[in-house]
Amino acid sequence: MQSGLDVAAKNWMSVLEFSHFTKMALLFLLATLLASSVAWDNGLARQPPMGFNTWNHWHSKVSSKVLLEVATTFKQLGLDKSGYRYINTDDGWLNKARDSNGRQVPGSNFPEGILRVSQSLAELGFNFGIYSAAAFTTCLGRAGSLYHETIDAQTYAEWNVSYLKYDACGEKNLNSYAKYSIMRDAINATGHSMVFSYEPHVPVTIAWPQYVGNSWRTGKDIGSSFSALLREMESVNQWGYATGPGAWGDADMLEVGNNGLSLAEQRSHFALWAAVKSPLLIGANITEQSTEALAILNNTEIIAVNQDALGIQAVKVFAYGHADDVTERDHPLRWAAKANQKHLDNQRTSTSPVPLDANMPFTSCQYTSIDSTQKWTLDRTRLRNGQQCLARVQGDVVVTSDCSDQSSEWLMEGVTQHATQIRVIDSSETCLALNTTGTYLQPCKQEPTKCNTSKCDNSVLVDQLFYLSKMTGQLISTFTNVSVVSPRYTKGSSKSLLVAPCNASDEYQQWGWMGHTLANKGDGRCLTQGLGFEDCSSSSTNWTLASAPGYQLKPEAASDMCVDIYNFTGPGVQLFKCKAPNSGYRGSQNEQFVYDNSTGLMRTNEDESCCGIRSPLCLAQLPTPVPQMVNIPQCLATQPSPAPAQPKIPDLIDSSLPLQVYKGPLANDNFVVIYFNTGSHTTNMSATWSQLGLKADQGYLVRDLYLKQDLGVYSSSLSLSVGSHDVRALRLSPSN
């Protein structure tokens, strides 16, 4: 990756000069960039991976026949020469049960076996990619890799797998640094080259994605719709701080060629994915594609932007126009987009997260340059750091001490293979535990049998699971949430809706439900269908609250939309397309509310029996003070380390403004600029060099990458006509 302050400053200044960053925030971002330049490096994916994935079109109907037909067609169309080299199966390739040796087993849809498929693809000049999940089950209920990471990684290596997509469906434990590091280490231990692409689905800002894999999903599953494209672009735009050669934000597979997107929308989709350096994995049936769709996918000038050697993600630099120009087709979930924007904004904090109790032996994990305080070795029943060992004293107090007696002995079977409980050797029902109060001993918990297939974020064991990485020497806890009170959640903040741990004495959580309106006691006004607050006489404040089985809160004017807790954990709240109760992944848990007449609380109605340590949440209006949960990995250490600097993500630009401009630096002092018209009418879009962060009076040769023609030399501004839902994808090259 790029290194050195001069290079980082030059490249990032060219991206960010236009923005609203303060000088201090910019310096902070540069420091973060330099820190991230020492990411986990397996020598792979120096440019974003390109290829094919089965899920978007075939879903569960994948087969070896499909993969080989796709590979043959890629050769015939010359897609391999354009850089598409990975042919990846998604979920559906394997059975629900493992074999007698504990290995995953391909289904009858792969009759010749996975190794033969991999060999056949290699004969055609392609690399083979496979799918699994960091859970007991995959999304389709097949055998997941949780607690089988070592044997699965070894199996993939024996099958000559070159790419692993590692999902989070059927998830257990916390989606954490520990959980995904286990598979990273298992792959590394095989000695086989394998791109590692994972889906953390962590609903809070994280500083560690580039230290775990070659790419990570930045948002939700994409869909073949314009609203899905907009949603994923808003998500991936926040991850530029962590991306670079070998580590890429993944906005999900391409929908170019699938039903649902117009030709203009497909052009936008491909150009934007290329500019933000997302992996380019075709998700359509390439054997049945139109000439127009194939021209988009095989546009080598757009592909060159994605594969540019500099490896810096383009970001949205500004947006303008009138939100009223955006049609409902453009933004059917506009309320959701605005609420999501508030949610992301609320997650930024000017206060630094603090490590857990400094007197306890767990502290913030170091990502790079790991020093001796966090390096441990397993010595049979002891965790040793030089002359120090993890030990217990004075009953349930846990410290690091000398290794002289039985107090430093533990039962830790499997701790270097997967996340496991650490038990007191002379009291096997007592376990090490870590949460926000520190490290201590407590009775060992047991996962209820019914929870083995439960789909929820946390395991009830989340605070008792630990993993010793032989790659880094760190003992990592799966508990990573550190509480920080954000200044945005204090008295005097702007009015907004969120969820918070229920507190019946907080007047901003107390509501008057009057059959059709929700009046907040702390404010006196009513909740609007835009999730703001107005006088209760307004027609926009009318709601309906369903009883069992839905328990859904809906605006009267849009009965197909529901109040939805963002990412199931909040604190953001949005309006989202209603889900059928108990359907799909985790059903409608985050849409279910019950009004308590005695307290005035509007609380969640979730089955929390298998979802770990989470407490019920209640609707609240800012300015209720709410702790922000920041995902900071915790590692065993002989002395505390300061919490790592948390990433400063770009200022959010109103996603409801229809005319959006993206810009990113390319090699040789070139730039990519994308004019993106999300509105309903063709319009002229323009930008000045100042708005783009370009040097005043510098002449640039502007080339249209879809028209494949030079438009001329411009030296101060650029105005072009852009169709509805379309883009003008441009390369700017210095003219002198």
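In this text, all values refer to a predicted model and were calculated from it rather than measured experimentally.
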As a quick check of understanding, evaluate side chain to side chain contact (heavy atoms under 4.5 Å, CB included) for Q634 and L434, giving each step before the final call. CA-CA 9 Å; Q634 299 293 307; L434 173 72; 3.8 Å; yes
Would you say D560 has more than 12 foreign heavy atoms packed within less than 6.0 Å of its CG?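 Check passes, neighbour count above 12.
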Who pairs with [X] by side chain to side chain contact (heavy atoms under 4.5 Å, CB included), at least two apart in sequence or on another chain?
| X | result |
| --- | --- |
| S278 | D250, A251, W273, V276 |
| S60 | L140 |
| L518 | W511, W513, L527, L553, M602 |
| D252 | R217, D221, I222 |

Under 3.5 Å, is there a donor on one side chain and an acceptor on the other for [X] and [Y]?
| X | Y | answer |
| --- | --- | --- |
| N237 | E234 | no |
| E556 | H516 | yes |
| Q464 | Q442 | yes |

Could you walk me through whether D564 and V573 pass side chain to side chain contact (heavy atoms under 4.5 Å, CB included), step by step? CA-CA 6 Å; D564 175 285; V573 176; over 6 Å; no
Side chains of [X] and [Y], heavy atoms from C-beta outward: is any pair under 4.5 Å?
| X | Y | result |
| --- | --- | --- |
| Y320 | P658 | no |
| H269 | L261 | yes |
| C562 | L575 | no |
| F593 | L619 | yes |
| E199 | Y166 | no |
| F362 | V398 | no |

Aromatic plane relationship, Y662 with F676 - under 30° parallel, 30 to 60° tilted, over 60° perpendicular: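 It falls in the tilted class, 30° to 60°.
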Begin from the C-alpha positions of N677 and T683 and carry the test side chain to side chain contact (heavy atoms under 4.5 Å, CB included) through to its verdict. CA-CA 8 Å; N677 177 10; T683 188; 3.7 Å; yes
Salt bridge (charged side-chain N to carboxylate O under 4.0 Å, His left out) between K165 and D90, worked out: CA-CA 8 Å; K165 174 184 173 181; D90 208 282; 2.6 Å; yes
About how many Å separate [atom2] of [Y] and [atom1] of [X], when rounded to the nearest 0.5 Å?
| X | Y | atom1 | atom2 | value |
| --- | --- | --- | --- | --- |
| C139 | D91 | SG | CG | 5.5 Å |
| S262 | F226 | OG | CZ | 8.0 Å |
| T478 | D463 | OG1 | CG | 7.5 Å |
| L272 | E265 | CG | CD | 12.0 Å |
| M561 | Q552 | CE | CD | 12.0 Å |
| Y551 | R603 | OH | CZ | 9.0 Å |

Please check if the distance between the ring centroids of Y467 and Y177 is under 6.0 Å.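 Centroid distance Y467-Y177: not below 6.0 Å, so no.
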Among all residues two or more places apart in sequence or in another chain, which pass the side chain to side chain donor-acceptor pair (under 3.5 Å) test with S540?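 For S540, the residues satisfying side chain to side chain donor-acceptor pair (under 3.5 Å) (neighbours in sequence not counted) are E534, S538.
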Mind checking what makes side chain to side chain donor-acceptor pair (under 3.5 Å) contact with S181, not counting sequence neighbours?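 In terms of side chain to side chain donor-acceptor pair (under 3.5 Å), with neighbours along the sequence ignored, S181 is linked to no residue.
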For E591 and K577, run side chain to side chain contact (heavy atoms under 4.5 Å, CB included): C-alpha distance rounded to whole Å, both residues' side-chain angles, the deciding distance at 0.1 Å, then the answer. CA-CA 10 Å; E591 294 178 355; K577 189 81 171 178; over 6 Å; no
